[in-house]
Trainee: 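One structure follows; several queries about it will come next.
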Number of protein chains: 2
Amino acid sequence: MRKITIGDAARQSGVKVPTIRYYESIGLLAAPSRSEGNQRSYEPADIRRLAFIRHARELGFEVGSIRTLLALQDDPDQSCASADAIAKARLIEVEQRIRSLMALKAELEIMVEGCGHGRVDQCRVIEVLADHGQCMHPHH
Amino acid sequence: MRKITIGDAARQSGVKVPTIRYYESIGLLAAPSRSEGNQRSYEPADIRRLAFIRHARELGFEVGSIRTLLALQDDPDQSCASADAIAKARLIEVEQRIRSLMALKAELEIMVEGCGHGRVDQCRVIEVLADHGQCMHPHH
DNA sequence: CTTGCACCTCTAGTCGCTAGAGCATGTAGG
DNA sequence: CCTACATGCTCTAGCGACTAGAGGTGCAAG
């Protein structure tokens, strides 16, 4: 019960084994203590930290931002203004990405609908790609 | 007028100079003829190909798919079934990505709204990240 | 005691570029 | 013709965030 191996840590946190080692190598996760046979031995706090990282990565935060968020978490007396700023910036990114993907979706739909399933020289997919003037959505 | 330099090709196609050389190196664009002084000299057809590539990249197609699409374009007698399949697959990807980004957006909004602008230990941003159980959107 | 999985380190590869070093070439003005 | 200076050339290395593989060690069950 005492010793959490890297495999258990992976199962409990949802972060893959090589990724855990990678996070250690870039200093996102502190190097844990080692067993007699040089195997990593994690504490419950490490698992929580890994879960935090994983969730943040799933939300699309980059490692630099996560580093800041973790530093804030480690010092709960601090103002959460930075955390708020990071989350807000990410929100704006996500909103922009959604908008651009919607435009893209519309363009792809036109392409797919316009495909007559015949020969390439009548195919709207190729045609739209070849001539951007035919693209009605000025997303780029 | 005859010789299009790589710089002109870049300006006309919207693909950056180093990127053009990169596309040549991976075989996406054929190596053009060279001037006396070993400088690349492009034809209008190359510019069209670069514009095609650029548009496809903007639509998020990966290089492997673009290779297939270009091969199809080069042989207009072929059935456009593959082009259709590639575009459809990309459309499904985009739709999934939009769905997941919408869930993500909702989660980020909760985080940002819940931030009391006080100390970190009351901040919902950090809290939600630390405990995925508090995340109401089962997007992952 | 042996089998076999989990763990270790280290290097290299992925994708689609981008940046930089250190040269050669092409062009416009004086 | 000479000089600047932009643009071109090749080559190597770096980015982010992992992922894969080689080649070796640790450990628990049968």
Side-chain angles (χ1 to χ4, degrees), chain A residues 1-29 31-42 46-47 49-50 52-70 86 89-90 93 97 140, chain B residues 1-29 31-42 46-47 49-70 86 90 93 97 140:
Chain A
M1 193 111 213
R2 254 290 89 109
K3 31 191 81 173
I4 304 172
T5 67
I6 197 168
D8 290 336
R11 271 179 290 278
Q12 287 173 41
S13 68
V15 179
K16 288 188 212 145
V17 168
T19 307
I20 295 176
R21 286 196 279 250
Y22 168 70
Y23 286 159
E24 184 185 323
S25 81
I26 61 167
L28 207 55
L29 187 70
S33 58
R34 299 285 185 126
S35 74
E36 292 249 324
N38 198 34
Q39 298 197 200
R40 287 170 181 82
S41 179
Y42 293 95
D46 296 318
I47 309 303
R49 198 170 175 99
L50 279 170
F52 183 106
I53 295 170
R54 185 191 152 211
H55 193 193
R57 285 294 300 134
E58 274 167 352
L59 289 171
F61 290 96
E62 34 191 72
V63 167
S65 304
I66 296 176
R67 228 181 269 274
T68 307
L69 291 170
L70 283 167
I86 291 171
R90 179 72 192 130
E93 266 174 46
R97 192 91 186 100
H140 42 256
Chain B
M1 190 111 219
R2 251 296 89 107
K3 33 190 77 173
I4 303 171
T5 66
I6 197 168
D8 291 336
R11 272 179 290 277
Q12 288 173 42
S13 68
V15 178
K16 289 189 210 140
V17 170
T19 307
I20 295 176
R21 285 197 279 249
Y22 168 71
Y23 286 159
E24 183 185 324
S25 82
I26 62 167
L28 207 55
L29 187 70
S33 58
R34 299 286 184 126
S35 75
E36 292 249 325
N38 199 35
Q39 298 195 202
R40 286 169 181 85
S41 179
Y42 293 95
D46 296 318
I47 310 302
R49 198 170 175 98
L50 278 171
F52 183 105
I53 295 170
R54 185 190 152 212
H55 194 193
R57 285 294 300 134
E58 274 167 352
L59 290 172
F61 290 97
E62 35 191 72
V63 168
S65 304
I66 296 176
R67 228 182 269 274
T68 308
L69 291 169
L70 283 167
I86 290 170
R90 178 71 193 131
E93 265 173 47
R97 192 90 187 102
H140 40 256

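All figures in this text were calculated on a predicted structure; none of them were measured in a lab. Throughout, a chain's letter reflects where its sequence line sits, starting with A, and its residues are numbered from 1.
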Trainee: Quick one: is D:dG26 close enough that its OP1 or OP2 comes under 4.0 Å of any side-chain N or O from A:Ser35?
Mentor: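 No, no such contact exists.
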Trainee: What I'd like to find out is whether the side chain of B:Arg34 reaches to under 4.5 Å of the side chain of B:Arg40, using heavy atoms alone.
Mentor: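 Yes, close enough: below the 4.5 Å cut-off.
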Trainee: Mind checking whether B:Val63 and B:Leu28 have side chains closer than 4.5 Å, heavy atoms only?
Mentor: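 Result yes, sub-4.5 Å side-chain heavy-atom pair found.
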Trainee: Tabulate protein N/O versus nucleotide N/O from nucleotides 17-22 of chain C, keeping only pairs under 3.5 Å, one per line.
Mentor:
unit_1, atom_1, unit_2, atom_2, d
C:dC17, OP2, B:Tyr23, OH, 2.7
C:dC17, OP2, B:Arg57, NE, 2.8
C:dT18, OP1, B:Lys16, NZ, 3.3
C:dT18, OP2, B:Lys16, NZ, 3.4
C:dT18, OP2, B:Thr19, OG1, 3.1

Trainee: List for me each residue that meets salt bridge (Lys or Arg N to Asp or Glu O under 4.0 Å) alongside B:Arg97, sequence neighbours excluded, and say none if there are none.
Mentor: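 Scan of B:Arg97 (salt bridge (Lys or Arg N to Asp or Glu O under 4.0 Å), adjacent residues dropped) gives none.
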Trainee: Side-chain contact test, heavy atoms from C-beta onward, threshold under 4.5 Å: evaluate it for B:Tyr23 versus B:Arg57 and give yes or no.
Mentor: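 With C-beta onward as the side chain, the pair touches.
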Trainee: Tell me every residue that passes salt bridge (Lys or Arg N to Asp or Glu O under 4.0 Å) with B:Glu62, counting only those two or more places apart in sequence or in another chain.
Mentor: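 Per chain and number, B:Glu62 pairs via salt bridge (Lys or Arg N to Asp or Glu O under 4.0 Å) with no residue.
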Trainee: How does each nucleotide of nucleotides 3-10 of chain D score, in 5' to 3' order, for protein heavy atoms under 4.0 Å: base (B), sugar-phosphate only (S), or none (-)?
Mentor: -----SSB
Trainee: Using the test side chain to side chain donor-acceptor pair (under 3.5 Å), find all partners of B:Gln12 that sit at least two apart in sequence or belong to another chain.
Mentor: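 B:Gln12 satisfies side chain to side chain donor-acceptor pair (under 3.5 Å) with no residue once adjacent residues are dropped.
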Trainee: Looking at residues at least two apart in the chain, or sitting in another chain, which of them share a salt bridge (Lys or Arg N to Asp or Glu O under 4.0 Å) with B:Arg21?
Mentor: none
Trainee: Scan A:Glu36 against the nucleic acid and name what it touches under 4.0 Å (heavy atoms): base, sugar-phosphate only, or nothing.
Mentor: nothing
Trainee: Provide, to the nearest angstrom, the distance between the CD1 atom belonging to A:Ile20 and the C1' atom belonging to C:dT9.
Mentor: 16 Å
Trainee: Do A:Glu24 and A:Asp46 come within less than 4.5 Å of each other through their side chains, counting heavy atoms only?
Mentor: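 SC-SC contact between A:Glu24 and A:Asp46 ruled out.
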